[in-house]
Amino acid sequence: MLVEREPVPAATLKALTSRAYELERRLQQEFERHGGRGMAPFSIVVKGPVSASVDSPRVGEQDFGGLVRHSYALWQWTRDLDARGSVEWRGYDSRIYLVLRPPRGDLAFVEGESEDGGRVGIAQADIDDGMLDFALFVATHELFHTLGASDKYDAAGHALFPGGFAEPERAPLFPQRGAELMARNVPISPNAERPPEKLDELWIGAETAREVGWQR
């Protein structure tokens, strides 16, 4: 679901929705690269936009009580959006809420919150006509968290080798041709990375493919 935390031009939202078909195509390509056959791995349905007057709840205390309070607050936040966006809870394996704002600077990946192997993910992205694919990359990162994929970057945000590299076997190793989805960035040298700029740079590495059941 597209969620406007601040107003975004209607034309930009329409273009973002159209790019969801390209995202399906790219994920199909990666599925087949890992040996998948005979099925489409994803069918993406875009709902919204729906405006949100407050940010999504964030996890606070990690004890049982804190997690219960967060789960209830998240349920209330998503229930309101679902009601206004005509989203039925049944019928979807995962629901990703992409919270959008107008751009404030360079591309910046903001880690969202998702249930590990669960059904709900929250992603955040600044958006304009030049950031459509990046916003979809961010949403897909959270989608794969709900399917059981783990992050593959270190505490400084750098891609871990080999799991966080799209092509760890590439020689020479740098620059990589794409960003491993769960590592977020494209490694271009031993000390430099950049955000992905187009969906063709979205790669699913072997470790992530195993975590979501595309490989054994």
Side-chain angles (χ1 to χ4, degrees), residues 16 19-44 92-98 106-125 131-216:
L16 180 63
R19 290 297 289 169
Y21 297 105
E22 183 66 15
L23 174 59
E24 282 188 357
R25 180 197 67 82
R26 182 57 186 154
L27 291 173
Q28 178 77 39
Q29 289 178 329
E30 287 298 277
F31 177 66
E32 293 176 356
R33 188 171 66 87
H34 287 289
R37 294 291 184 272
M39 61 172 287
F42 293 99
S43 177
I44 299 172
Y92 299 107
D93 294 319
S94 295
R95 303 193 317 281
I96 305 300
Y97 300 82
L98 180 56
D106 296 333
L107 290 176
F109 191 107
V110 178
E111 185 69 65
E113 288 190 1
S114 300
E115 300 175 17
D116 181 8
R119 291 293 179 261
V120 175
I122 312 295
Q124 303 177 50
M131 299 178 177
L132 303 179
D133 284 6
F134 181 73
L136 290 173
F137 187 101
V138 171
T140 309
H141 178 94
E142 296 305 325
L143 169 62
F144 270 61
H145 271 315
T146 71
L147 302 176
S150 61
D151 284 324
K152 294 172 180 63
Y153 54 86
D154 62 20
H158 301 140
L160 293 168
F161 184 84
F165 278 60
E167 298 176 286
E169 74 287 351
R170 183 174 173 81
L173 184 61
F174 301 100
Q176 291 279 293
R177 292 188 294 171
E180 205 290 328
L181 177 64
M182 305 311 294
R184 311 189 306 183
N185 288 325
V186 181
I188 56 178
S189 77
N191 301 306
E193 300 180 354
R194 65 167 177 82
E197 297 174 349
K198 54 187 179 181
L199 288 176
D200 282 344
E201 292 182 327
L202 187 161
W203 289 57
I204 308 299
E207 185 176 334
T208 298
R210 287 192 294 271
E211 289 173 338
V212 301
W214 287 7
Q215 287 189 1
R216 294 187 180 276

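All heavy atoms count here, side chains included; hydrogens, waters and symmetry mates do not. Since this is a predicted model, take the numbers as computed values, not measurements. All residue numbers in this chain count up from 1 along the given sequence.
A donor atom on one side chain and an acceptor atom on the other are found under 3.5 Å apart for Q29 and R25. At a cut-off of 3.5 Å, with distance as the only test, a side-chain donor of E32 or Q28 sits close to an acceptor on the other residue. Side-chain contact, D151 with H141: a donor N or O sits under 3.5 Å from an acceptor N or O.
Of all heavy-atom pairs spanning A149 and V212, the tightest one is CB-CG1, 4.0 Å. Across all their heavy atoms, F137 and A179 have their closest contact at CZ-CB, 3.9 Å. Minimum heavy-atom separation, I44 to A20: CD1-O, 4.1 Å. Listed here is the closest heavy atom pair of S150 and E211: OG-OE2, 2.7 Å. The two residues A123 and V138 come nearest to each other via the heavy atoms CB-CG1, 3.8 Å. When all heavy atoms of L27 and F42 are compared, the closest pair comes out as CD1-CD1, 3.6 Å.
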Practice task
Check the pair R177 / D200 against side-chain contact (heavy atoms from CB on, under 4.5 Å), numbers first and verdict last.
Solution key: CA-CA 9 Å; R177 292 188 294 171; D200 282 344; over 6 Å; no
Problem - Candidate pair H145 and M182, rule side-chain contact (heavy atoms from CB on, under 4.5 Å), full reasoning - result: CA-CA 8 Å; H145 271 315; M182 305 311 294; 3.4 Å; yes
Handout entry: D93/T146 under side-chain contact (heavy atoms from CB on, under 4.5 Å): CA gap, chis, key distance, verdict
Key = CA-CA 9 Å; D93 294 319; T146 71; over 6 Å; no
Exercise for the section: Dump the intermediate steps for salt bridge (charged side-chain N to carboxylate O under 4.0 Å, His left out) on R26 and E30, then the final yes or no. Expected result: CA-CA 6 Å; R26 182 57 186 154; E30 287 298 277; 3.3 Å; yes
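In this structure, F174 CZ and E193 CD are separated by 8.5 Å, a value rounded to the nearest 0.5 Å. Y21 contributes atom OH, which lies 14.5 Å from atom CG of L199 (distance to the nearest 0.5 angstrom). Once rounded to the nearest 0.5 Å, the distance linking CD1 of I204 with CD of E180 reads 6.0 Å. Here the CD-OG distance, from E142 to S94, works out to 11.5 Å after rounding to the nearest 0.5 Å. Separating the CG atom in L143 from the CG atom in L23 is a distance of 8.0 Å, to the nearest 0.5 Å. Of the inter-residue distances, the one linking L136 atom CG with K198 atom NZ reads 15.5 Å to the nearest 0.5 angstrom.
Of the candidates V186, L173, L160, F165 forms a side chain to side chain contact (heavy atoms under 4.5 Å, CB included) with just one, namely L173.
Looking only at distances, a side-chain donor or acceptor of Q176 sits under 3.5 Å from a matching main-chain atom of E167.
Annotation: ring-ring contact (aromatic ring centres under 6.0 Å, His included) contacts involving residues 183-216, sequence neighbours excluded, comprise F31-W214, F144-W214.
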